[in-house]
Amino acid sequence: MSTRFEETWASPSGFPGFFAEVNNRPLGNRFMITAVIFFMIGGAMALLMRLQLAVSDNDLIGPEVYNQLFTMHGSTMMYLFAVPFIEGLALNLVPVLIGSRDAAFPRLSAFGYWCYLFGGILFYSSFFVGNVPNAGWFAYTPLSDNAYSGLGMDLWVLGLGLVEIAGITAGAELVVTVLKMRAPGMSLNRMPIFVWTILAIGIMSLFAFTALLTATMMLELDRTLATRFFDPNHGGSSLLWQHLFWFFGHPEVYIIFLPATGIISMVIPTFAKRPLAAYPLVVVAIMFTAFVSFGLWVHHMFTAGLPYLSMSFFTAASLFIAIASGTQVFAWIATLWGSRPQFRVPMLYAIGFLLLFVLGGMTGVMVSVVPFDWQVHDSYFVVAHFHYVLIGGAVFPFLAGLAYWLPAISGRLLDERLGTWGAILIFVGFNLAFFPMHQMGMHGMPRRVYTYPESLGLDGLNLLSTAGSFLLAIGFLVFLADVILSLSRGKPTPDNPWNASTLEWATLTPTPNYGFRQLPVVRSRDPLWESPPQETSLESEAERITRNLAGAPETWRGTLITSVLRAEIQAITWLSGSTYVPFLFAVGLLVTSIGVLTKFYWLAALGAAVSLGLLFSWLRPDPALEAQLRDDPAVRKTGLPVFTSGTRALGWWGALTFLTVVAMIVGALLYSYFYIRLYASAWPQDGLPLPGFWLAGAGYAALVAGALAQIWAGRAFKDGRTGRVKLGMALALVAGLGYVVLQLVDLSRLGFAPQANAYASLFYVLAIAILLLALCTIATTAVVFWGYAQGKLSESLPLHLEVATLFWGATAVLGVLVYATLYLSPYVLGGTP
Amino acid sequence: MSEWSRQALARWFVFLGGGIAWLLHLLAVYAVGEFGCVAGWGDFLGLSLVVWLILGLTIPLLAIAIAALVVGYRYEKRFATHEIRGLEAQDPGVALVRYGVVANGLFILTILGETVPVFFFLGGC
């Protein structure tokens, strides 16, 4: 019989309950299952392409269908499989690996999943409207402009927009979870390496996905509202798209690859029966890779005609990142050196990864050198390189991870013999399929071309590659069969079947929704292998608290918050129970996208209004809940606060991640503005007048004044001066509304439309971006002001005030930057260069 | 600022200083390279203005990365002087410094590596 605690954490029952799920474990599984379904669809497309290329001068598939296939294959694998699969694996495992009960923002996880699913469905609905995108997974303009792409491209862009939102929400969710929800004692230097990689990619996602989100929004505006960002005929630039795309595209490779290395760093020590060698150096390598991956985007554009000097910087960065990857490889070899490893199925994939990744890494170093890249660019050599990195370097570790963790996730063991056969088939098939491509590329076979002449003399290698791809597919099917059979008739997982060292094996299998009934206290990096006998006073206090919280709180989902560096207990936090709001919110966004697609703008407005309403109900403070949490007996027993503020509160971190994303959007738009200016023959373009700066200046000054008033209100609150708090917030609201009015008046007097040229498009989009942020800030402040004035906020007021102040600070800083760019810089950078 | 806050700030500076310096360096030299080369900035004392600007940006940013390394190294020496064995496992702040020292070394190398090509383009792009 389940206890009240278990009922609180149980998944909602029945079909309607499916849409109300917010727990990290079922949602993580859904992410992974959906990603695998997309993987199979993308794989089937790859097989069709290989059939077409099996012999020369083949006409099985025409060039148009071939273009559609490679576009959808690449898009599916990069956007709908690799990243979401990692998000799912991380969402499922990270909370239990760090000794928490759930992730930081359960509703955000659910919202992310629905966005991902709806995005994927939108993506694939192009097949049903008979207009499948054919501009490549990178959607270079002008191929992806209206002139060359139809409705299918709109579906691609809007679907991708939703998938990007899922990526960003997952990033925010995972970063805050790792930083604030680790078990007491799990200081940063005791975190499992997999968790380090998830922390790194969580931060990277906030920047990389936002760059792509901004670029795709600009592309869709070009397509639907005839703005001119990427239109060279009206002052725009196709190369701008490439810059923005690859600023996302290259880090994305590392967003996929880093967690894969994290999996390997978990699997190898377990089967070598010894801790990972050079743990500190591996952490440094992860951190270094995460940073430097943002400095490589131009190496995808070596043939785009950039200045030689610019390219040389990126060659250097590309070469140096090999040091970090090499460090990890040597750490794994050192771990295995002299050990007597057990070659179970996860280990077979790990060894396969080591071999393949070193090969893929070597060719990566080769293509980072400009002259070599010029020779092999857009040839099959590059296809071979990135498949060695993405399948050898990522899919192999994913399979290792699945074979390793499925017993914990499902509670059933996989079959060793079937698993071994699967691993062998996949390894052999993969090498047969992709190794010959190196040679094909060196012999001049171009990629993205649907056939090749017999005179190239590559029929034999192509046939071998096609045979290998089918063998690879059979290997994947064997693995899938193993998983399905294990779910139905696999042996139940015993306790810690691999004798691993980390916390996911310290609880029940399958892992329950609540992770741990009693939260663990961690005293070493490998808690299941070694536990120092001496207990410090902090540890014994942590033991007391976790004992009091065993099976508690009973009526609401609660877990511990700990400090960023040392993981010292700071508070208990409330986590949302089941709710339909995230699902309905995602439906609202889907309706908005469909409204834009069908040009039924009233439908788009309706969807946006519903989404906003749901967002309000999501974020609205709940005084009744506050009272319930405060009076909970389990909370009183521990003596810990439930309501905190500043860096202790999850809400503060949530606001910070949101503002980081907003800053990145504004940053990408500012970059676009100056990039377009660089190549413009005159500024403003086409003889448009210089913007008048007085009226807008007054507006932005009001914005800064609003921020100062809000900061003053925050200080008054700390001093206990109630009247000043209300006055400060009221002044901030008035100043904010003043800015909105002045900005709207200024935009109405500009005398040019956003469709005039790229300068005009950027002017409007930047101004509107700040306007929307200001409206968001004003709404946040208004809710807090209302709650405070009504006396409905008590415990959570400090946090709400801080969040409002953060919003005001970001709005003012970004506003001043945008004002200086739009209204002042043309007077300095104006005229003809 | 209390002594504890100063120490914490210094340790985070050691951990992240080199990385942030590198990021700023790459973005700055990219912007200077792209804008300067396309706009055709002129010469000064026989060298292109692009080169002057890149070197001018490299020096302070490299100094930040070196400062992070030096601060970290001084911490390291202090740990060694106190002969604190196995401290890394006990105090995550110490680990942060140790990770930072290695990372800063790598970031300094990368900044230098990115600056070397400038000397092959002294007269232009």
Side-chain angles (χ1 to χ4, degrees), chain A residues 185-191 196 243 278-292 294-298 306-321 323-324 327 370 523-525 530 532 536 563-568 667 671 674-675 677-679 829 833, chain B residues 8 11-12 15-16 18-23 25-41 48 50-51 54 86-107 109-122 124-125:
Chain A
M186 187 184 276
S187 49
L188 280 183
N189 56 325
R190 289 177 184 163
M191 279 199 317
W196 269 108
H243 277 291
Y279 172 98
L281 290 181
V282 174
V283 172
V284 171
I286 292 165
M287 198 179 77
F288 185 77
T289 307
F291 264 100
V292 177
F294 281 97
L296 308 185
W297 85 91
V298 167
L306 304 177
Y308 293 150
L309 181 61
S310 296
M311 291 195 288
S312 66
F313 304 139
F314 293 88
T315 289
S318 307
L319 292 173
F320 275 95
I321 208 165
I323 297 176
T327 303
V370 177
R523 298 201 196 109
S524 80
R525 200 174 282 158
E530 53 182 49
T536 65
S563 62
V564 172
L565 182 60
R566 294 164 202 277
E568 291 163 354
Y671 169 81
F674 288 108
Y675 187 85
R677 168 67 195 98
L678 174 65
Y679 290 95
L829 302 173
Chain B
R11 286 173 181 189
W12 282 108
F15 187 58
L16 293 172
I20 291 169
W22 167 81
L23 193 63
H25 180 260
L26 184 85
L27 292 177
V29 295
Y30 160 70
V32 170
E34 185 93 15
F35 283 64
C37 293
V38 173
W41 292 349
S48 90
V50 172
V51 171
I54 287 175
L87 193 61
E88 188 188 328
Q90 300 299 321
D91 183 358
V94 175
L96 215 57
V97 168
R98 290 192 172 148
Y99 301 164
V101 168
V102 181
N104 287 326
L106 275 175
F107 283 120
L109 274 179
T110 314
I111 292 173
L112 288 172
E114 282 166 2
T115 311
V116 166
V118 173
F119 294 99
F120 293 91
F121 295 93
L122 293 174
C125 302

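Letters A, B, ... are given to chains in the order of the sequence lines, protein chains preceding strands, and every chain is numbered from 1.
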A:W297 ring center near B:Y30 ring center (under 6.0 Å):
yes

Whatever's closer than 4.5 Å to a heavy atom in chain A on B:F107 counts as both

The interface call for A:L306 against chain B, heavy-atom contacts under 4.5 Å, is side chain

Side chain to side chain, B:I54 and A:L309, heavy atoms closer than 4.5 Å
yes

For B:V29 and A:F313 the tightest heavy-atom approach is O-CE1, 3.2 Å

Geometric class of the A:W196/B:Y99 ring pair [parallel <30°, tilted 30-60°, perpendicular >60°]: perpendicular

For A:N189 and B:A95 the tightest heavy-atom approach is CB-CB, 3.4 Å

Under 4.5 Å to a heavy atom of chain A? For B:L109 that would be both

With chain B, the option among A:A285, A:S524, A:G295 that has the most non-hydrogen atom pairs under 4.5 Å is A:G295

Interatomic distance, CG@A:L188 vs CZ@B:F15, rounded to 0.5 Å, equals 7.0 Å

Worked check of side-chain contact (heavy atoms from CB on, under 4.5 Å) between A:F320 and B:L106:
CA-CA 8 Å; A:F320 275 95; B:L106 275 175; 5.6 Å; no

Those residues at least two apart in sequence (or on a different chain) that pass side chain to side chain donor-acceptor pair (under 3.5 Å) with A:S318 are A:H299

When the 4.5 angstrom heavy-atom criterion is applied to B:V32 and chain A, the contacting part is neither

For B:V38 and A:P307 the tightest heavy-atom approach is CG2-CG, 4.5 Å

Heavy atoms of A:L678 and B:F35 approach each other most closely as CD1-CA, 3.5 Å

Okay, A:L319 and chain B: the region with an atom under 4.5 Å from a heavy atom over there is neither

If one checks every heavy atom of A:F674 against chain B at 4.5 Å, the contacting part turns out to be both

Turns out that what part of B:L26 lies under 4.5 Å from chain A's heavy atoms comes down to side chain

Tightest non-hydrogen contact, residues B:E34 and A:S310, listed as N-OG, 3.6 Å

- Message: Do A:F291 and B:L16 make a side-chain contact, defined as non-hydrogen atoms from C-beta onward lying under 4.5 Å apart?
- Response: yes

